[in-house]
2 protein chains.
Amino acid sequence: MATSSIIDIHSLKRSCADCSLHELCLPRGLDRQALEQLEKVVKRSYSLHKGEYLFRTGDEFKYIYALRSGSMKLHLMDVQGNNQVLGFYFPGEILGLDAIDKKKHLCSAEALETGSYCAFPFSSLSEVCLTVPDLQRQMFRLMSRELTYENELLLTIGKKGAEERLATFLITLSSRFQQLGYSAVEIKLSMARQEIASYLGLTIETVSRLFGRFQRAGLITVKRKHVHIKDMEALKNISSGCVGAHKQAKYSQ
Amino acid sequence: MATSSIIDIHSLKRSCADCSLHELCLPRGLDRQALEQLEKVVKRSYSLHKGEYLFRTGDEFKYIYALRSGSMKLHLMDVQGNNQVLGFYFPGEILGLDAIDKKKHLCSAEALETGSYCAFPFSSLSEVCLTVPDLQRQMFRLMSRELTYENELLLTIGKKGAEERLATFLITLSSRFQQLGYSAVEIKLSMARQEIASYLGLTIETVSRLFGRFQRAGLITVKRKHVHIKDMEALKNISSGCVGAHKQAKYSQ
DNA sequence: CGCGTCGTTGAAGCCGCTCAATAGATGTGG
DNA sequence: CCACATCTATTGAGCGGCTTCAACGACGCG
């Protein structure tokens, strides 16, 4: 479990209502009264540095976490050391929902850069859900959304070729950054090539080559962890397989 | 939406308490009083025939479904006709949870054989959740479990070779059947090769060849849709990559 | 500056896909 | 009941995309 930092400017912000992530995060759609209920259980603003874990496989499940700043990766490892990155998380997003069933975390959440988060004790949170219908609804929605994300990732990994996968990854990242108020074309990757590769079910070399190929084709410019999208349309076309012939089996009826 | 059959023996069973799937399904862990609340909203026992849909992509989300008998596949199709099977569902399992967020079904649920199901209007169900803590908890758990399943599928598709994937599939099927009270070694596949292939991110030819290879190796006997597991241990070893050398990149730290 | 980590690039090989033909199963109608 | 059509599954041959193996380059940090 991460230790709280000595000085954390975020801790000055006292309420979810004041939080800039208000409309993205757990409190989304809650009225003032409901927010007050939520305030009672939230533990606010712990900080986290690159490489630190929010939780690890096997940890007891106690909290749902909301990321306030920074970014994280969720990853799963099996007995032989196969390591699959399941997703990347950005401010306003919720981590830990998959641990509810087994009451243990089955995957690990690791910080990709320095950031901060809020923690909601799950037992208290679910009690509040009983008295605040909007909060219950929001919890259901968040879990449902998580399922949808994973469904799309499954489609990407299971049915798309390497170019489509990376293009899909970039497009998705772009739109998520835009929602957060950042540029849709200037992307700062907080994850390593290795992590992108794992997420997409590819190797690091393939990802590297694809970045090069996209750059040579004039779709993007890449410099280390900085990506500039020059031709969003073309990238979207690749992402949905409208160009370069070779795909995996389609099985269309 | 499926039509209810003219005669359905299951409709004679009036309560979840009497249902043989009681301990697997939504009512799991509920006391008598809680069950009564649940009874008020459930719509029981519609029947469904092979090829019929419980819901399709784009359908308005109104119900959560519990499968009573038979089996279903959940699948997702993108714009170009890439069709990914996301999962197979058996009696006691819940379908439709991923539609809560968007209030629309983003994937389709199709019957693999004749069966029956119960429907829970989601708006009523979530109201009941507010007064029955155990039911709310169960909903959270079910959604969480679904996330866990998908995580494991992602690991399988993203990091494992073809043999490992099929072995994992068979092992998983075996243990689910066992939980349902069926044999763990005599497996009747209700899905076609094509559907297995799509689920595992492979082609139908590869799946067919793997079945042949497993049979020649004495691990199983396959005859059409009937599989007999002869060497569970060996299958588990393959499933976790303990044998046949070649795997995908492991990325172990 | 030297070292370690991360990323890029090249060459070669293999796994699983594609294409194609056959066999088996299922259903239909005469 | 068999002939025919259709769909599903099996099997083979060849190829190609991605991985593997290997070496080099680029950064960042002590």
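Reminder, nothing fancy here: chain letters follow the sequence lines and each chain counts from 1.
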- Query: Step by step, would you call A:C118 with A:R68 a side-chain contact (heavy atoms from CB on, under 4.5 Å)?
  - Reply: CA-CA 7 Å; A:C118 303; A:R68 280 178 62 86; 3.3 Å; yes
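Aromatic ring pairs are classed by plane angle as parallel below 30°, tilted from 30° to 60° and perpendicular above 60°; the pair A:F61 and A:H105 is perpendicular. Ring-plane geometry between B:Y65 and B:Y117 is classed as perpendicular, the angle between the planes exceeding 60 degrees on a 0 to 90 degree scale with a lower cut at 30.
Taking only side-chain atoms of A:T206, from C-beta outward, the nucleotide of C:dC17, C:dG7, D:dC18 with the closest atom is D:dC18. Here the nucleotide nearest the side chain of B:A192, chosen from D:dA9, C:dG7, C:dC17, is D:dA9. Among the nucleotides D:dT19, C:dC17, C:dT8, the one closest to any side-chain atom of B:L202 is C:dC17.
Atom CD1 in A:I196 sits about 8 Å away from atom P in C:dG7, given to the nearest Å. Between A:K50 atom NZ and C:dC6 atom C1' the separation is 10 Å, expressed in whole Å. In this entry the distance linking CD of A:E163 with P of D:dT19 reads 13 Å, nearest Å. Between the NZ atom of B:K160 and the P atom of C:dG16 there is a distance of 14 Å, given to the nearest Å. For A:R213 and C:dT9, the CZ to P distance is 12 Å, given to the nearest whole Å. Taking atom CG of B:L210 as the reference point, atom P of D:dT11 lies 12 Å away to the nearest angstrom. Rounded to whole Å, the distance from NZ on B:K159 to C1' on C:dC15 is 17 Å. Atom NE2 of B:H226 is separated from atom P of D:dA9 by 16 Å (rounded to the nearest Å).
By the neighbour-count criterion of 12 heavy atoms within 6.0 Å, atom NZ of B:K104 is sparsely surrounded, having that number or fewer from other residues, nucleotides or ligands.
In this structure, B:S174 and B:I229 have side chains that are in contact, with non-hydrogen atoms separated by less than 4.5 Å.
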Report all interatomic pairs (protein N or O, nucleotide N or O of nucleotides 19-24 of chain C) with separations under 3.5 Å.
unit_1: C:dC19; atom_1: N4; unit_2: B:E205; atom_2: OE2; d: 3.2

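Between A:F177 and A:F90, the ring center distance clears the sub-6.0 Å criterion.
Applying the 4.0 Å criterion to OP1 and OP2 of C:dG7, one finds that A:S208 has every side-chain N and O outside that range. The side chain of B:T203 places an N or O atom within less than 4.0 Å of a non-bridging phosphate oxygen (OP1 or OP2) of C:dC17.
Taking for each of A:V207 and B:R193 the nucleotide of DNA chain D with the nearest heavy atom, the 5'-most of the two is the partner of B:R193.
Ion pairing between a basic and an acidic side chain is recognised when a charged N comes within 4.0 Å of a carboxylate O; A:R176 and A:E93 show such pairing. A:K50 and A:E113 are not joined by a salt bridge, as no carboxylate oxygen comes within less than 4.0 angstrom of a charged side-chain nitrogen.
For the helix from C:dC1-D:dG30 to C:dG30-D:dC1, the angle separating the two terminal helix axes comes to 40°, with each axis derived from five pairs and the value rounded to 10°.
Closest heavy-atom contact between A:K73 and A:E195: NZ-OE2, 2.9 Å.
B:S208 contributes atom OG, which lies 6.5 Å from atom CZ of B:R193 (distance to the nearest 0.5 angstrom).
At a threshold of 4.0 angstrom between heavy atoms, the contacts of A:K225 are confined to the sugar-phosphate backbone, with no base atom among them.
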